[in-house]
Amino acid sequence: MPNISGQDAHLPRSSSSYWANFFALGFFFAAIYFLHYFFPNLKSVWLMSFSLLAVLFPLVVYEILVLKVHRRESTGLADKLNAVDISRVLTKLLGLFGTFTIILVLYWYLPFFRKSFYIPFFDLLKIAGPFLVIICLVYFPIIDRRQVEPRDGYWQMGRLLLGKFKNVNWIMLREHFAVWFIKAFFTPIMIGALAGNIEELLAFKWQAQPKLFLSVYFFLVLISYTLDLIYGSLGYIFTCRIMDTHIRSTEPHFWGWLSCLACYYPFTIIDNYLVYSDGFYWMHWLSLSPWSYYFIGGTIIILSMVYGFATVALGYRMSNLTYRGIITDGPYRYTKHPAYICKVSSWWLIYLPFFSIHGSLVAFKYCMALGVISLIYYVRARTEENHLSNYPEYVEYAEWIKKHGAFRSVTRFFPSWQYSLEKCRKWNSVVWFKQNMSIVYLGFGSNLGDRHKNIKDAIVLLERSGVHIVRQSSLIETDPVGGPSQPKYINAAAKVETKLSPYELLNLIHSVEHDLGRERTIVNGPRTIDIDILLYDNIQIESEELTIPHPRMNERDFVLKPLKEIYK
């Protein structure tokens, strides 16, 4: 959509509070060491569970009381209650538990889930499973009454299981399966890795000189990756609409999925096929050069910490292959993809593939292998960028980073590295699930009869016809512009979502105007109601019937004033 304010892109507000996420980590580590000290025989699964809850609780309280995330438009929830529909709720619960059943069968059937690495996850599942069922039985009826679109993926899945295929939205159903594949695949990985890191932290032993620096190095790197796993685990577990942590869309492009899954077992090609070290690391190659030894070791620590802090910025909105809200705090304030940049850069320094005890030819092979891995992460970054460019807030963020980011001076010499919305669109990474609903801005005017009531009635009739009112401006009184002498107007604007095409929406508007008594007898004459399509997504139309954007809206204060009030 056009920038109606005429200002340059600004840094959008982050969906998650970096400092709240950072502060909450203190509760995790305090819980870990407190429980380990006072309850040394406590099973590791309980230790991990209580520690994750120690992070989650203060964050939920803060986000509800301070950030008021449950009132955000992006939750898809409204203050207006839907009618109680037991049949719809039961259908959605059937869809949920049917999805759970499929996942559990796959966990049982697929052999790689029997590895010891996954034991902590299944132990956690045994504990949390009964509580999860009870929570869902309470949560779903409550959320259903406030959902703007209650026929969501769970309802589509329920209809599928009932054999009622006629009204199933297959795009929403595909998105439902994609969301739950991501959650079912990555949650066991994060929980298994986090359990291992907790054991390492509790067993960590500090060494005195001359190995003190190495102890600091190993401890801080371990902490960095633990930060990533804490919020990674919570990110996949804690996806709920009321906290605005639900998954808004999944990666729509094949290459995005391929490049991401290639980094994780059992799909991984990194450890299975790409060898980039012969077992000697930076501390071995640089042990005889103190300056290089401390410089490289310190740089790896910094890169690893920035990698961990990047996930802290995401908080429990972290997850691969998904969009859950824009993040602009922490390291993301200075560059796009800070986690990938720092992780890959640290690997080059950790393994120093330029050296090999087997000679320069093998070292070249190691460099090629790590180069391929770097390319995989580059593709991950680019496909994520293409996916997120479906959302105007990310486009604004990326444009802001291009002008103000930490690497703006470097990217000027490499234009292909710079963000370009046009290049992103060439990948055809279209979020079809999101694009079922178009964002439209409407203008309203009335100067005959009960002017306030006319506008309110028009909005009610539009909503009854399936046009969802997202946000409505205040009503303002204005002088008439053009036409014969006539009474003052009441004007307003509304942001709406609709599945109607521009011409279908125009026909509906004409029908609403007719129902409210509008007569088109005098050009620019008085009217009971006038409804104009001001903006429709980012499209442009010029025809005899319809022009979008509205051709004269930038010349009319009675249009711009209410529009600027709601435009986001």
Side-chain angles (χ1 to χ4, degrees), residues 112 115-117 189 192-193 196-197 200 207 210-226 228-229 255-308 310 320 337-384 407 410 413-414 416-417:
F112 66 87
K115 291 183 174 291
S116 59
F117 173 81
I189 293 174
N197 276 35
E200 286 190 50
Q207 299 185 54
K211 295 185 177 182
L212 178 60
F213 179 75
L214 270 184
S215 289
V216 172
Y217 166 83
F218 285 121
F219 182 77
L220 292 180
V221 170
L222 178 60
I223 287 290
S224 301
Y225 281 83
T226 302
D228 176 69
L229 293 170
W255 288 106
W257 284 80
L258 181 63
S259 59
C260 179
L261 294 179
C263 302
Y264 294 92
Y265 178 84
F267 305 105
T268 181
I269 65 171
I270 292 179
D271 295 324
N272 293 340
Y273 303 104
L274 296 174
V275 180
Y276 44 88
S277 171
D278 47 22
F280 287 82
Y281 307 119
W282 67 273
M283 70 280 292
H284 303 119
W285 294 113
L286 304 176
S287 59
L288 299 180
S289 175
W291 184 89
S292 300
Y293 180 86
Y294 290 111
F295 177 77
I296 296 298
T299 302
I300 296 171
I301 291 173
I302 293 171
L303 291 171
S304 300
M305 295 299 291
V306 173
Y307 166 73
N320 290 311
H337 318 297
Y340 292 161
I341 293 171
C342 291
K343 178 190 276 191
V344 173
S345 299
S346 70
W347 285 349
W348 282 92
L349 296 178
I350 290 170
Y351 299 107
L352 292 179
F354 324 100
F355 307 111
S356 172
I357 59 174
H358 303 294
S360 57
L361 186 61
V362 174
F364 176 75
K365 183 182 75 172
Y366 291 161
C367 289
M368 290 292 291
L370 200 50
V372 171
I373 293 171
S374 302
L375 179 62
I376 289 172
Y377 274 87
Y378 173 77
V379 173
R380 285 184 69 176
R382 289 303 300 267
T383 53
E384 284 180 13
F407 301 110
V410 176
F413 296 100
F414 302 95
S416 62
W417 292 4

Checking [X] now: which residues fulfil side chain to side chain contact (heavy atoms under 4.5 Å, CB included) with it, not counting sequence neighbours?
| X | value |
| --- | --- |
| Phe364 | Met368 |
| Trp255 | His253, Leu258, Thr383, Trp427 |
| Ala363 | Ser356 |
| Phe218 | Phe204, Leu214, Met283 |

Give, for atom [atom1] of [X] and atom [atom2] of [Y], the distance between the pair rounded to the nearest 0.5 Å.
| X | Y | atom1 | atom2 | answer |
| --- | --- | --- | --- | --- |
| Leu222 | Leu229 | CG | CG | 9.5 Å |
| Leu286 | Ile296 | CG | CD1 | 6.0 Å |
| Asn197 | Thr226 | CG | OG1 | 4.0 Å |
| Leu349 | Ile301 | CG | CD1 | 12.0 Å |
| Ile376 | Leu261 | CD1 | CG | 11.5 Å |

For the residue pair [X] and [Y], does the interplanar ring angle fall in the parallel (under 30°), tilted (30 to 60°) or perpendicular (over 60°) class?
| X | Y | result |
| --- | --- | --- |
| Tyr351 | Tyr281 | perpendicular |
| Trp291 | Phe295 | parallel |
| Phe355 | Trp285 | tilted |

Shortest non-hydrogen contact from [X] to [Y]?
| X | Y | value |
| --- | --- | --- |
| Ser215 | Gln207 | OG-N, 3.0 Å |
| Ala381 | His337 | O-CE1, 3.3 Å |
| Ser346 | Leu303 | N-CD1, 3.7 Å |
| Cys367 | Trp348 | O-CH2, 3.6 Å |
| Ser259 | Cys263 | O-SG, 3.4 Å |

Within a strict 4.5 Å, meaning less than it, do heavy atoms of the [X] and [Y] side chains meet?
| X | Y | answer |
| --- | --- | --- |
| Tyr378 | Leu375 | yes |
| Tyr366 | Asp278 | yes |
| Trp347 | Ser374 | no |
| Val344 | Ile373 | no |
| Trp417 | Phe407 | no |
| Arg380 | Asn320 | yes |

Subject >> Tyr264 OH: over 12 foreign heavy atoms closer than 6.0 Å >> reply: yes

Subject >> More than 12 heavy atoms from other groups under 6.0 Å of CZ on Phe112 >> reply: yes

Original post:
With sequence neighbours excluded, what pairs up with Tyr265 under the side-chain hydrogen bond (donor to acceptor under 3.5 Å, both in side chains) test?
Top reply: none

Subject >> Trp282 and Tyr217: CA distance, side-chain angles, deciding distance, side-chain hydrogen bond (donor to acceptor under 3.5 Å, both in side chains) verdict >> reply: CA-CA 12 Å; Trp282 67 273; Tyr217 166 83; 3.2 Å; yes

Subject >> Residue pairs passing the side-chain hydrogen bond (donor to acceptor under 3.5 Å, both in side chains) test where at least one lies in residues 298-308, sequence neighbours excluded >> reply: Asp228-Tyr307, Tyr307-Lys343

